Amino acid sequence: MTATTGTSTEPATRVEGLDKVTGTAKYAFEYTAPAVAYAWVVQATVATGRVTAVAAEAVLGRDGVIAVISHQNAPAIAATDSAFSDLLRGPEVSYRGQCVALVVAETSEAAREAAARLPITYDEGRHDVLFTPAHRSLYKPEGDGTDTSQGDADAAFDASAIQVDAVYRTPPLHNHAMEPHASLAQWDGDSLTVHDSNQGGNSVRKALATAFGIDESAVRVVSNHVGGGFGSKGTPRPAVMLAAMAARHVQRPVKLALTRQQMVDLTGYRSPTIQHLRLGADADGRLRSISHDSISQTSTAEEFVEQCGAVSQVMYAAADRRTSQRVVRLDVAVPSWARAPGECPGMFALETAMDELAVTSGLDPIELRVRNEPSGDPQEHVPFSSRHLVECMRRGADVFGWDRRSPTPRTRQEGRWLVGAGVAASTYPTNILPSSARVAVDADGVFTIAVNATDIGTGARTALLSIAATALGVPTSVVRILIGDTDLPKAPIAGGSAGTTSWGWAVVKAARELLATLESEHGGQVPADGLEVTASTHADIKAQRDLSRHAFGAQFAEAWVDVDTGEVRVPRMVGVFAAGRIANAVTARSQLLGGMTWGLSMALHEQSIQDLKFGDFANRDLATYHMSANADVCDIEVEWLQEDDPEIGAAGTKGIGEIGIVGTAAAIGNAVYNATGVRLRETPMTLDRIIGQL
Ligand code: MOS
């Protein structure tokens with residue numbers, strides 16, 4: 001194992017980069033169709049209750065308004081895996097901001113104007129949007145994997161010489177992808193084509209086919225370029241379903257784009273969490289007991305569980321352990337995936353608690369983690385396919401200059417700034433999903449890769465090109481790539497950090513089979529009409545050994561805290577990751593840097609505020625939803641270790657989309673503690689939470 005920076009094959013800038021910077025790369029809303037109409041979402045102005053009347057006649061037939069669609073006249077759609085129970089299927093309102101009607105007009109402006117004027121009356125109920133651990137509706141979600149227990153975590157905690165017992169909180173957080181959710185839907189008889197902004201066309205196709213009772217082969221989803229998603233486009237969301245419903249209703253192509261304000265209610269968000277951590281250790285810092293009991297909020301329309309405890313199942317050795325997850329069902333918008341759902345808030349709690357344990361036991365935080373390194377998966381009792389957390393910690397310590405940190409809080413001051421350093425671990429599971437891919441070669445020796453992957457801005461196209469070229473043993477200049485269309489071989493979503501690993505495996509498999517066929521049947525000579533091979537990894541994934549597969553990393557942060565105001569600045573961060581093979585150094589660095597930047601933003605700025613009176617979120621745009629801007633994001637160094645893991649598929653990658661955000665906020669909070677002696681157990685770490693304690 002050697003630590004190096006970016007030595008993968010052919011580091012390359014995005015193949016679609018020129019198209020993007022010159023504005024020729026087309027996003028969903030930029031496609032058009034003859035006689036296209038525009039739909040606008042009308043949102044509920046009450047948080048719970050029933051729609052009693054929609055006065056469509058007030059706007060219909062005027063100013064280019066073509067139709068008003070509500071539960072009274074909407075095309076019937078069947079329930080799908082992705083629910084949509086709240087989408088014009090009945091008069092019930094389950095959260096403020098829910099779509100209760102669509103206005104369709106000749107122009108987007110006319111639709112928007114009419115939507116604002118459309119009179120809707122409600123029978124308003126009493127809403128409850130207060131997320132509290134004492135809530136009477138707290139319940140254990142269905143489905144497995146949420147609760148785990150081994151030994152007796154409470155008894156072992158009670159018997160421990162050193163104890164950390166604390167509660168950590170994270171607020172609701174919104175994904176806010178740069179490109180709002182948008183769709184163009186076109187029906188041709190019972191065939192449907194949509195251009196849609198999503199993280200995976202195949203799941204959108206399945207949802208549309210199910211909803212409208214048509215065969216999947218009658219639905220085509222094109223998602224050529226996507227401007228971010230971070231989980232908010234990971235499952236089919238309302239925009240595409242509403243566009244298809246509207247197009248069906250008016251018998252014309254329909255375009256629908258959400259505004260940023262509408263996205264706050266309609267595209268998901270990270271649930272707030274309250275997490276109770278109890279760590280019990282012997283005097284030498286070795287953990288005997290870990291318990292991680294979490295609660296999060298969900299909606300009455302659909303269940304979503306932010307599973308914070310998952311990280312405590314894999315990180316550290318301890319004979320006695322427990323994780324539990326409870327949810328509170330409130331009259332709120334439907335929460336969903338946001339980058340590293342579960343792991344991100346979970347690691348804020350666990351890695352802050354580990355720092356508290358380091359302080360209590362008088363150990364260096366890195367040494368504490370080394371002492372608690374498990375020999376295999378401590379919950380599942382199977383080996384790790386590879387785990388280089390300690391190596392990431394050691395390398396990060398060197399790069400960061402950890403040895404210059406004073407272990408005693410509040411010992412370094414530069415003018416009015418208290419200065420400190422903190423560390424936290426990162427982890428994210430290596431998810432691998434079945435995929436298929438086609439590789440073709442023509443008589444000129446040009447290869448074409450075809451796979452319905454989605455590039456949501458990550459550089460997936462470019463990474464797949466590198467993977468394909470390596471497998472084929474040719475330069476990328478003779479390889480073409482086709483993605484983002486359900487007409488291409490079926491592939492899983494760009495989510496769960498599983499995209500490149502899953503698609504890449506199928507691409508490598510198809511490439512190897514093509515080369516083998518070329519050699520065995522054609523003597524290495526491409527036939528005049530070319531040759532192509534389609535491969536699938538379904539069987540390969542089923543045949544995988546029972547191992548624990550995860551990426552690991554170490555995050556270091558330096559914090560400066562204003563001694564008078566409590567303002568926190570983070571001038572420097574270092575992240576070192578072990579995530580298998582890095583397919584493309586340029587885009588990988590950008591992914592990890594982006595994850596760490598969001599972690600910084602979570603630590604210092606981001607929070608969505610649930611309005612108890614009205615029931616929806618109070619901060620609904622990028623002016624009021626504060627996030628780290630250029631002046632906040634200073635020096636961030638990203639490195640990775642070369643990690644060869646033969647147990648994670650032929651692409652050899654572990655996924656890097658999410659691990660970058662995991663642990664960052666804890667590293668920053670731990671640095672704030674080191675700088676000030678003030679322990680923050682809640683994000684964001686705004687000055688009001690610090691100033692009184694300085
Ligand atoms: Mo990621 S939150 O699974 O898109």
Side-chain angles (χ1 to χ4, degrees), residues 81-82 145 170 172-181 196-204 207 223 225-237 239-240 263 267-273 296 298 302 304-308 310-311 334-348 426-435 452-460 463 483-484 491-503 549-551 579 587-588 590-592 594-599 601-602 606 608 653-665:
D81 291 350
S82 316
T170 58
L173 299 168
H174 273 83
N175 309 53
H176 276 314
M178 286 307 293
E179 181 206 12
H181 293 57
D196 179 52
S197 182
N198 64 61
Q199 290 174 228
N202 284 103
S203 53
V204 173
S223 317
H225 296 288
V226 176
F230 316 108
S232 77
K233 296 170 184 169
T235 49
R237 295 296 158 92
V240 68
M263 285 166 68
T267 66
Y269 59 96
R270 192 193 300 285
S271 166
T273 72
S296 60
T298 188
E302 286 177 41
F304 179 82
V305 184
E306 183 83 21
Q307 298 199 25
C308 298
V311 292
V334 185
S336 187
W337 296 337
R339 206 170 193 171
E343 282 81 9
C344 173
M347 277 302 252
F348 169 67
S426 294
T427 190
Y428 196 78
T430 302
N431 296 313
I432 312 177
L433 303 165
S435 182
N452 187 26
T454 322
D455 192 330
I456 57 175
T458 56
I483 66 166
I493 63 164
S497 298
T500 299
T501 303
S502 308
W503 310 319
R549 295 173 176 82
H550 299 265
T587 52
S590 159
Q591 279 285 87
L592 293 164
M596 290 174 70
T597 302
W598 198 353
S601 194
M602 169 192 177
E606 293 189 36
S608 290
T653 57
K654 281 186 171 176
I656 48 172
E658 288 163 280
I659 191 170
I661 195 176
V662 180
T664 323

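We use all heavy atoms of the structure for the numbers below, so side chains are in, but hydrogens, waters and symmetry mates are not. Since the structure is predicted, the reported quantities are computational estimates derived from the model, not experimental observations. One-based numbering, in listed order, for ligands and for the atoms of each.
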Check: E302 main-chain N/O paired with T298 side-chain donor or acceptor under 3.5 Å: yes

The atoms of ligand 1 lying under 4.0 Å from a heavy atom of F230, numbered in the order shown, are 2 (S), 4 (O)

Taking only non-hydrogen atoms of G234, do any sit less than 4.0 angstrom from ligand 1? no

Quick one: does E658 get an N or O within less than 3.5 Å of an N or O on ligand 1? yes

Could you state the interatomic distance from NZ (K233) to CD1 (I493), rounded to the nearest 0.5 Å? 13.5 Å

Does Q199, backbone or side chain, put an N or O under 3.5 Å from an N or O of ligand 1? yes

Which of the numbered atoms in ligand 1 are under 4.0 angstrom from any heavy atom belonging to G231? 2 (S), 4 (O)

Atoms in ligand 1 with a heavy atom of R339 nearer than 4.0 Å: 2 (S)

Can you tell me if G229 contacts ligand 1 (heavy atom of the residue under 4.0 Å from the ligand)? no

Any N or O of P341 closer than 3.5 Å to N or O of ligand 1: no

Hey, is the main chain of G657 close enough, under 3.5 Å, to the side chain of R339 for a donor-acceptor pair? yes

Just by distance, no angles: are the side chains of S296 and T273 close enough, under 3.5 Å, to form a donor-acceptor pair? no

Mind running side chain to side chain donor-acceptor pair (under 3.5 Å) on R270 and T170 for me, showing each step along the way? CA-CA 9 Å; R270 192 193 300 285; T170 58; over 6 Å; no

Please identify which atoms of ligand 1 are closer than 4.0 Å to at least one heavy atom of W337. 2 (S)

Which distance, rounded to the nearest 0.5 Å, do you find between the CD1 of I456 and the CE of M178? 14.5 Å

Distance, nearest 0.5 Å, that separates CD1 of I659 from CD of E343: 9.5 Å

G496 heavy atoms within 4.0 Å reach ligand 1 at atoms 1 (Mo), 3 (O)

Quick one: which ligand 1 atoms are inside 4.0 Å of a heavy atom on G495? 3 (O), 4 (O)

Just checking, any donor-acceptor pair under 3.5 angstrom between side chains of S601 and E606? yes

